[in-house]
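Notes for the one structure printed next.
Since the model is a prediction, treat every value here as computed from it, not as a measurement.
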Amino acid sequence: MSKKEKIIIGSDHGGFELKEVIVRHLEGWFYIDNVGCDSDKSCDYPVYGQKVAGKVANGEGQGILICGTGIGMSITANRNSKVRAALCLNEYMARMSRMHNNANILVLGARVIGTGLALDIVDVWLKTKFDGGRHQKRLELIDKAEHSKY
Ligand code: RB5
């Protein structure tokens, strides 16, 4: 893992505790931009999902988003056309989301998976690179579809 890379991380209250664990896990290895939330007090996941998505879309770094299920954060982040946010429940999904989909945001559901698994998913996701080739063409098809009338 490179020390120079930046991770932009955000959560709602449902993901707050896991976010803090992940921040501590990655500190020292990456620059961490923690956009909040700052407590387990109830808040709105789109606020933090949009913040991380915007920074990732601007090329500031890779993103990690956490909410209770991971679903709200996925829906939110993927509204940004430069984002490829992947909700991963296991290491296989994490690996494939990078190799095949070149995901630039990892999404986790803190109420769905345990902390140990979540940290393993983060590690696999961060160290896996995009395969390119036929997968690049497919990502271009996604971008093209965005500009066409369905
Ligand atoms: C918050 O209760 C919960 O709805 C949120 O964390 C997330 O799971 C939404 O998709």
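When hydrophobic clusters are built by joining Ile, Leu, Val, Met, Phe, Trp and Tyr residues whose side-chain heavy atoms come closer than 4.5 Å, directly or via intermediates, Val23 is grouped together with Leu106. Under a hydrophobic-cluster definition in which Ile, Leu, Val, Met, Phe, Trp and Tyr are linked whenever side-chain heavy atoms come within less than 4.5 Å, directly or via other members, Met73 and Val35 are assigned to the same cluster. Hydrophobic clustering keeps Phe130 apart from Val83 (ILVMFWY residues linked when any side-chain heavy atoms are closer than 4.5 Å, directly or through intermediates). Hydrophobic clustering, with ILVMFWY side chains joined whenever heavy atoms are under 4.5 angstrom apart, groups Ile32 together with Leu126. Hydrophobic clustering, with ILVMFWY side chains joined whenever heavy atoms are under 4.5 angstrom apart, keeps Ile71 apart from Val112.
The structure places SG of Cys43 at 10.0 Å from CZ of Phe16, a figure rounded to the nearest 0.5 Å. From Leu139, atom CG reaches atom NZ of Lys144 across 13.5 Å, with rounding to the nearest 0.5 Å. Atom OH of Tyr48 and atom CG of Asn34 lie 10.0 Å apart (nearest 0.5 Å). Ile105 CD1 to Trp125 CH2: the interatomic distance, rounded to the nearest 0.5 Å, is 7.5 Å. Rounding to the nearest 0.5 Å places CD of Gln50 at 10.0 Å from CG of Asp44. Considering NE2 of His100 and CZ of Arg95, their distance stands at 11.0 Å, rounded to 0.5 Å.
Ser11 is listed as a side-chain neighbour of Cys37, based on a closest heavy-atom distance under 4.5 Å. The closest side-chain heavy-atom distance from Ile66 to Val107 is not below 4.5 Å. Between Glu60 and Lys6 the shortest side-chain heavy-atom distance falls below 4.5 Å. Side-chain contact between Thr76 and Tyr45 is present, with at least one heavy-atom pair separated by less than 4.5 Å. Counting heavy atoms from C-beta outward, Ile8 and Ile64 have side chains that stay 4.5 Å or more apart. Contact check for Arg84 versus Asn101: no side-chain heavy atoms found under the 4.5 Å cut-off.
In this structure, the side chain of Asn90 engages the main chain of Met93 through a donor-acceptor pair within 3.5 Å. With hydrogens and angles disregarded, no donor-acceptor distance shorter than 3.5 Å links the side chain of Lys19 to the backbone of Asp12. A donor-acceptor contact shorter than 3.5 Å links the side chain of Asn104 to the backbone of Lys82.
Take Gln62 and apply the side-chain hydrogen bond (donor to acceptor under 3.5 Å, both in side chains) test, not counting sequence neighbours, and it matches Glu5, Arg98.
When all heavy atoms of Gly10 and Val52 are compared, the closest pair comes out as N-CG2, 3.7 Å. Contact between Cys88 and Ile113 at its shortest, heavy atoms only, is O-CD1, 4.5 Å. The two residues Glu91 and Ile121 make their nearest non-hydrogen contact at N-CG1, 4.0 Å. A pairwise comparison of heavy atoms in Ala110 and Gly15 identifies CB-CA, 3.9 Å as the closest pair.
Atom CD of Glu17 sits in a sparse spot, with 12 or fewer heavy atoms from other residues, nucleotides or ligands closer than 6.0 Å.
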Step-by-step side-chain contact (heavy atoms from CB on, under 4.5 Å) determination, Thr69 to Arg111: CA-CA 6 Å; Thr69 59; Arg111 295 174 182 159; 5.9 Å; no

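Thr115 pairs in a side chain to side chain contact (heavy atoms under 4.5 Å, CB included) with only one of the listed residues (Asp120, Ile22, Leu18), which is Leu18.
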